[in-house]
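A, B, ... follow the sequence lines: proteins, then strands. Residue 1 opens every chain.
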Amino acid sequence: MSTSGQQQFRYTQTPSKVLHLRNLPWECSEEELIELCKPFGKIVNTKCNVGANRNQAFVEFADLNQAISMVSYYASSSEPAQVRGKTVYIQYSNRHEIVNNKSPGDTPGNVLLVTMEDVQPGDVTIEVIHLVFSAFGFVHKIATFEKAAGFQALIQFSDVETASAAKNALDGRSIPRYLLLEHVTSCHLRISYSAHTDLNIKFQSHRSRDYTNPYLPVNPTAFEGFVQPVLGTDGIKKEQESNVLLAAIENMQYAVTPDVLHTVFSAFGTVQKIAIFEKNGQTQALIQYPDVTTASVSKDALEGHSIYDGGYCKLHLTYSRHTDLNVKAHSDKSRDYTIPDSGMLPGQQTSSYPTAPATPWQNPQAAAGYPPSGYGTAAPMGPQNQVPSWDPSLQAGRQTFVSVPSTFPGQTFALSPGVAYVSAPVSPAQAVSSPLVQSSHVRPPGAASPAGQAAYYR
DNA sequence: AGCACA
C-alpha cells in the first residue's frame, strides 16, 4: 500500500468503476478510448468529448477491479497511457456510473440539431448553413435559434440516411473560413439528431426557411430591425462596427482580469468599461472604447494575438452589439474607468492585482523554454508596465505572438508551438491608414470540394 | 491536466 514516490496522489481518490481521462486529443473517438481501455476489462459505457476543450472522457468498466487494474497499471508503468501519441491522464471519477450517455441526440433522424460554437447568433447566415448542408442532399427546411448552448439550427433532410451522411461528415468540423464573416474566426459544428421529423416553418426569414415551399410568405419584419450583421448582396458577408469589442479568450491558462485587459487594450485609446463573463464555457469580455474608430484600430491590431506568450489567452475580437456597457464600477469581473475613482488616479489603478501576476506582452525570450507552470515565471505587473494610453515607444519594444496563420480551431493544442513574432507590431497609425474592413470578397461556393468535405477543417 | 446537463 505504501507506494513511495511521486505518483502517490493517484491513490488519494476512492476507486470507481468510472475513470476520468483527460488531456485526450481533441475529439477523441469512442473507438480510440475503447482501444486504450479494453485490455483492462469490459467497458460498459463511455462519454467522449467532454469539457470545454472536448478533450476529456469517461469510461465505465463492468467491474471495479478492472478500473483499478488500469489505474494501477499506468501508475507504475514507465510508458504513459497514450492516444495518438498524446499522454492521457487517468484517474478515478468521482461518480460511480456514467449517466445519460445515450441521449436522444444519438438516435438517428432526418432532422439535425447543429450547434455552432464560438459564434454570435447571426455570424453565420442561413444562406451559409444551407450551402454547407446542401452538399449532402436536398435541404427541406432550416430553423435557427439562440439557446444557452449557442447559436443553433435545425436542418431537415428527406431521410435519415442523408441526415446521417451530413452529420458524419460535418460533426466536429468547421465551416470553411471563406464562408464566414470577416470577423468570425471559426465556426465549429456540433451535430446531433433532433427528435423532430418535420419542422413547422411559418415564414421565410433571416432565421428560418422552407425550401419546399417557395410561396411561403416572407415575414415582413423579419429582415428589418435585425441587429445582426448586415447582409451583403451575396448574403454572406458584412459586419456591423461598434465602439464595443467582444473578445473571446481562447486557451485561457491564466487568470484574465479587467485590469489585464485594460492594460492590453489601452494601448489603442481610452478604455471606458470592461466586463468579463463566461459564455458556453468560454471566457469572453466586452471592452468599451469611446468611439468606433478606436475600437476598430484596436480590433485589427489585437485580433488573433495572445495576451501571454506561448499562445495563452489568445484574443478573438469581434464587434459587440452593445454601445454602452452597464457594468459594476469595480468588481473582479468588471470595471468602469469613466467613474472618477476617488483617491486613485487612473494610472494608479494597478495597485491591487490579486490575480494578475503575469505580465502581458512580456518578452517572449523571458519565457522561452519555460512552459507555463503557474505564475512563477512571470514578473509581477507593476505600475511601470501599465500603458495608460498610446505610447509608440512602448509599442515598439513590445513583442507579441501571433499563431501560425494555418492554425485551425480545435487544433490549437495539437499544433506545434511554432509561433511567429510579429516583427513589426502594428502601430495604430498604420492600422488607421489600412482598410478597417477587408473587402467582402467571397470565393465561389464551387471552390468547395464536390463532396463538401475536404474544405472543412478538422 | 482536474469531472459529464445536453
Side-chain angles (χ1 to χ4, degrees), chain A residues 6-30 33 36-37 43-61 67 70-71 74-75 80-109 111-118 145-154 167 171-172 188-196 250-255 278-283 308 310-313 370-376 412-414 417:
Chain A
Q6 66 279 40
Q7 301 197 317
Q8 210 156 7
F9 66 92
R10 288 180 191 276
Y11 301 101
T12 56
Q13 288 176 301
T14 52
S16 163
K17 285 189 297 184
V18 182
L19 298 183
H20 176 221
L21 295 87
R22 40 201 171 86
N23 201 220
L24 290 159
W26 185 76
E27 247 222 331
C28 174
S29 70
E30 185 182 36
L33 269 187
L36 176 71
C37 302
I43 295 148
V44 296
N45 212 345
T46 65
K47 196 174 188 76
C48 311
N49 302 328
V50 165
N53 293 324
R54 307 203 175 274
N55 59 358
Q56 299 176 39
F58 297 91
V59 171
E60 181 177 342
F61 282 100
M70 181 163 185
V71 170
Y74 283 112
Q82 288 190 330
V83 172
R84 285 184 236 162
K86 234 183 146 214
T87 295
V88 176
Y89 300 88
I90 303 168
Q91 60 187 162
Y92 298 113
S93 171
N94 49 27
R95 300 194 201 176
H96 292 95
E97 60 179 338
I98 293 177
V99 291
N100 211 13
N101 184 50
K102 289 281 174 274
S103 62
D106 294 327
T107 314
V111 178
L112 298 179
L113 173 62
V114 180
T115 304
M116 281 152 277
E117 298 173 343
D118 310 325
F145 49 93
E146 191 178 358
K147 273 285 175 64
F151 186 43
Q152 296 189 309
L154 288 164
K167 178 179 184 294
D171 191 12
H188 282 168
L189 301 176
R190 208 70 229 174
I191 306 179
S192 62
Y193 294 105
S194 164
H196 291 93
E250 190 181 282
N251 198 8
M252 212 178 97
Q253 309 281 328
Y254 297 109
E278 295 283 322
K279 185 159 182 183
N280 305 334
Q282 188 188 44
T283 300
Y308 303 99
Y312 299 105
C313 304
Y370 296 95
S373 55
Y375 302 123
T412 313
F413 298 98

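Proximity of A:R22 to the phosphate of B:dC3: no side-chain N or O atom is located under 4.0 Å from OP1 or OP2. Between A:Q56 and B:dG2 there is a side-chain N or O to OP1 or OP2 distance below 4.0 Å.
The nearest whole Å value for the distance from the CG atom in A:N45 to the P atom in B:dC3 is 20 Å. Across the protein-nucleic acid pair, A:Y92 atom OH and B:dA1 atom P stand 22 Å apart, rounded to whole Å. The distance between atom CD of A:Q82 and atom P of B:dA1, rounded to the nearest whole Å, is 14 Å. As a whole-Å value, the separation of A:Q253 CD from B:dG2 C1' is 13 Å. A:E30 has its CD atom 19 Å from the P atom of B:dA4, to the nearest Å. The nearest whole Å value for the distance from the CD1 atom in A:I98 to the P atom in B:dA6 is 18 Å. Between the C1' atom of B:dG2 and the CG atom of A:N53 lies a distance of 13 Å, rounded to the nearest Å. A:L24 places its CG atom 13 Å from the C1' atom of B:dG2, with the value rounded to the nearest Å.
Across B:dC5, B:dG2, B:dA1, the shortest atom-to-atom separation from the side chain of A:Q91 is found for B:dG2. Here B:dA4 is the nucleotide among B:dA1, B:dA4, B:dC3 with the atom lying nearest to any side-chain atom of A:V18. For A:N23, whose side chain is taken as the heavy atoms from C-beta onward, the closest listed nucleotide among B:dA4, B:dC3, B:dA1 is B:dA1.
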request  = With side chain to side chain contact (heavy atoms under 4.5 Å, CB included) as the test, would you mind laying out the steps for A:R190 and A:D171 before giving the verdict?
outcome  = CA-CA 5 Å; A:R190 208 70 229 174; A:D171 191 12; 3.7 Å; yes

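Within the nucleic acid shown, A:E97 comes within 4.0 Å of at least one base atom, counting heavy atoms only. Among the atoms of the strands shown, base atoms are found under 4.0 Å from some heavy atom of A:N94.
Formation of a donor-acceptor pair under 3.5 Å by the A:S16 side chain with backbone atoms of A:R95 is found in this model. Side-chain atoms of A:E60 come within 3.5 Å of backbone atoms of A:I98 as a donor-acceptor pair (strictly under, hydrogens ignored).
Annotation: ring pair (Phe, Tyr, Trp, His ring centres under 6.0 Å) contacts of A:F61 (sequence neighbours excluded): none. Evaluation of the side-chain hydrogen bond (donor to acceptor under 3.5 Å, both in side chains) rule for A:S93 yields no partner, not counting sequence neighbours.
Between the side-chain ring of A:F58 and the base of B:dA4, a stacking contact exists by the 5.5 Å and 30° definition.
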